[in-house]
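Below you'll find the structure, written out as C-alpha cells, and then a few comments.
Only a predicted model underlies this, so the values are computations on that prediction, with no experimental measurement involved.
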Amino acid sequence: MKEAARQARAESRIIGLVPTMGALHAGHTALVHRAKQQCTSVIASIFVNPKQFGPNEDFAKYPRTLDADSEKFSGAGVDALFLPEAAEIYPTGFRTYVSVEGLSDRLEGRSRPGHFRGVATVVMKLLEIVQPHFAYFGRKDAQQVRIISQMARDLNLDTEIIVCPIIREPDGLALSSRNAYLAADERRAATVLHRALEAARA
C-alpha cells in the first residue's frame with residue numbers, strides 16, 4: 001500500500017482516504033462521494049481494529065461482510081481498497097500508542113478505557129501508510145473526529161481531516177454498522193433526542 005501511495009503522489013494525484021471497519025452503509029459511501037469531489041485517487045480501508053475494543057466488547061461478533069463491502073466500494077468508485085491484516089498493523093512486539101490527553105478519557109472514553117487510544121493509534125498508522133492529502137470521517141462519531149483532528153494538528157500531519165455530515169435512516173437513527181443489534185424499542189429510544197430536536201426546530 002505504501003508503494004502504491006508513493007506512486008500516486010509521484011504522479012501528482014490528490015489522495016483521499018476513507019478509513020472504515022467494514023459492514024458498510026450509506027454513510028460510508030457518502031464519505032467516498034465526498035472524497036471523489038476533492039481527490040483524483042480515493043483509497044478506502046477496511047480493518048476491524050482490535051485495539052479499540054475492550055475485553056467485554058463485541059470484537060468477535062462485529063459484523064464482517066467483506067465481499068459485500070468490496071462491491072459497495074467498487075460501485076462507489078473507490079480506486080484502491082486497503083485490507084491490512086492485524087499482524088501488519090500490530091507486528092510482534094508492538095508497543096507504541098497515540099494518546100490524546102484530556103479528550104480520550106471523557107464522555108464515551110470514560111466508560112470505554114483505552115478505546116480512543118486504540119482509535120488514534122490505528123488512524124495514525126493508516127495515515128502514515130497511505131499518506132493521503134485528505135481523510136474523511138463522519139460527524140456521527142463526534143468525539144472520535146474531535147480526537148483525530150486534535151491529533152493531526154498536534155503532530156503536524158500533512159493530512160487534512162474532513163468531517164462529513166451525519167447520514168440518517170428514515171426514522172432518524174444515525175446510520176451505524178451496529179444498528180443491526182437494536183430491537184424496535186431500542187431504535188425508538190435511540191432516536192428520542194433527534195426527534196425532540198426536530199420537533200423543536202418545527
Side-chain angles (χ1 to χ4, degrees), residues 14-39 42-49 52-53 57-58 62-63 69 72-73 76-78 98-100 102-112 115-124 126-127 130 132-155 157-182 186-202:
I14 304 300
I15 304 171
L17 174 66
V18 179
T20 80
M21 293 207 303
L24 302 183
H25 49 67
H28 295 112
T29 52
L31 298 180
V32 174
H33 295 153
R34 174 67 181 278
K36 290 189 72 65
Q37 293 173 9
Q38 294 179 282
C39 305
V42 176
I43 298 170
S45 65
I46 298 176
F47 179 64
V48 183
N49 176 30
Q52 68 188 69
F53 288 80
E57 294 185 353
D58 59 341
Y62 190 87
D69 292 345
K72 287 178 182 176
F73 271 145
V78 166
V98 178
S99 181
V100 181
L103 295 176
S104 297
D105 55 355
R106 301 164 63 186
L107 302 173
E108 183 181 358
R110 182 171 296 172
S111 60
R112 302 181 71 187
H115 169 67
F116 287 117
R117 184 182 79 157
V119 170
T121 299
V122 76
V123 170
M124 182 67 197
L126 291 171
L127 296 180
V130 178
H133 297 85
F134 303 97
Y136 297 83
F137 297 86
R139 192 177 297 280
K140 173 184 73 69
D141 301 306
Q143 188 173 5
Q144 174 177 287
V145 296
R146 175 68 179 86
I147 287 167
I148 291 168
S149 298
Q150 185 75 38
M151 176 187 75
R153 190 188 75 173
D154 289 352
L155 299 181
L157 302 184
D158 286 338
T159 302
E160 182 177 344
I161 305 302
I162 306 295
V163 183
C164 301
I166 297 171
I167 306 297
R168 297 183 180 276
E169 300 199 41
D171 63 359
L173 184 63
L175 285 170
S176 170
S177 301
R178 288 188 170 99
N179 285 353
Y181 297 164
L182 300 177
E186 292 171 325
R187 285 182 66 100
R188 183 161 180 80
T191 60
V192 65
L193 179 59
H194 176 69
R195 287 185 280 112
L197 291 172
E198 288 299 297
R201 192 201 316 271

Reported CD1-to-CG distance for the pair I166 and L173, which is rounded to 0.5 angstrom = 10.5 Å
For the residue pair G172 and T191, what are the closest heavy atoms and their distance?
-> C-CG2, 4.1 Å
May I ask you to decide if S176's main-chain N or O and K140's side chain share a donor-acceptor pair within less than 3.5 Å?
-> no
Rounded to the nearest 0.5 Å, what's the gap from CZ on R112 to CD on Q52? Could you check?
-> 7.0 Å
dist L126:CG -> T20:OG1 (nearest 0.5 Å) comes out at 9.5 Å
d(S45 OG, L127 CG) to nearest 0.5 Å is 9.5 Å
Just by distance, do the side chain of Q143 and the backbone of R106 share a donor-acceptor pair under 3.5 Å?
-> yes
Heavy atoms only: give me the nearest G138-L31 pair and the separation to one decimal.
-> N-CD2, 4.0 Å
Say you draw a straight line from CZ of F53 to CE of M21; how long is it, rounded to the nearest 0.5 Å?
-> 4.0 Å
M151 and A120 have their tightest heavy-atom pair at SD-O, 3.5 Å
Which heavy atom of Q38 sits nearest a heavy atom of F134, and at what distance?
-> NE2-CE2, 4.2 Å
Test item: V42 and Y136 side chains (from C-beta on) under 4.5 Å apart, heavy atoms | no
Derivation and outcome, side chain to side chain contact (heavy atoms under 4.5 Å, CB included), residues E169 and L175 = CA-CA 6 Å; E169 300 199 41; L175 285 170; 3.1 Å; yes
Is any side-chain heavy atom of V78 closer than 4.5 Å to a side-chain heavy atom of V18?
-> no
Not counting sequence neighbours, which residues clear ring pair (Phe, Tyr, Trp, His ring centres under 6.0 Å) with H33? List them please.
-> none
What is the minimum heavy-atom distance between S177 and P63, and which atoms define it?
-> O-CG, 3.9 Å
Under 3.5 Å, side chain of T29 to main-chain N/O of A26, donor-acceptor pair present?
-> yes
T159 side chain to H133 backbone, donor-acceptor under 3.5 Å | no
Pairwise side-chain contact, I15 with C39, heavy-atom cut-off 4.5 Å (strictly under) = no
If you count the non-hydrogen atoms of other residues, nucleotides and ligands that lie under 6.0 Å from CZ in R187, is the total more than 12?
-> yes
Would a 4.5 Å heavy-atom cut-off, applied to side chains only, mark I161 and F137 as touching?
-> yes
With sequence neighbours left out, write down each residue that passes salt bridge (Lys or Arg N to Asp or Glu O under 4.0 Å) with D58, or none if nothing qualifies.
-> R178
Under 3.5 Å donor-acceptor, H115 side chain and G109 backbone | no
Do R195 and E198 meet the salt-bridge criterion of a basic N to acidic O distance under 4.0 Å?
-> no
Go through the steps for D141 and E108 under the test side chain to side chain contact (heavy atoms under 4.5 Å, CB included), then give the verdict.
-> CA-CA 10 Å; D141 301 306; E108 183 181 358; over 6 Å; no
Heavy-atom closest pair, residues D69 and L24 = OD1-N, 3.1 Å
Rounded to the nearest 0.5 Å, how far does CD of E186 lie from CG of N179?
-> 11.0 Å
Is S104 close to I147 at the side-chain level, that is, under 4.5 Å between some pair of heavy atoms?
-> yes
Between F47 and P19, is any pair of side-chain heavy atoms under 4.5 Å apart?
-> no
Going through the distances and angles, do F73 and V32 end up as a side chain to side chain contact (heavy atoms under 4.5 Å, CB included)?
-> CA-CA 8 Å; F73 271 145; V32 174; 3.7 Å; yes
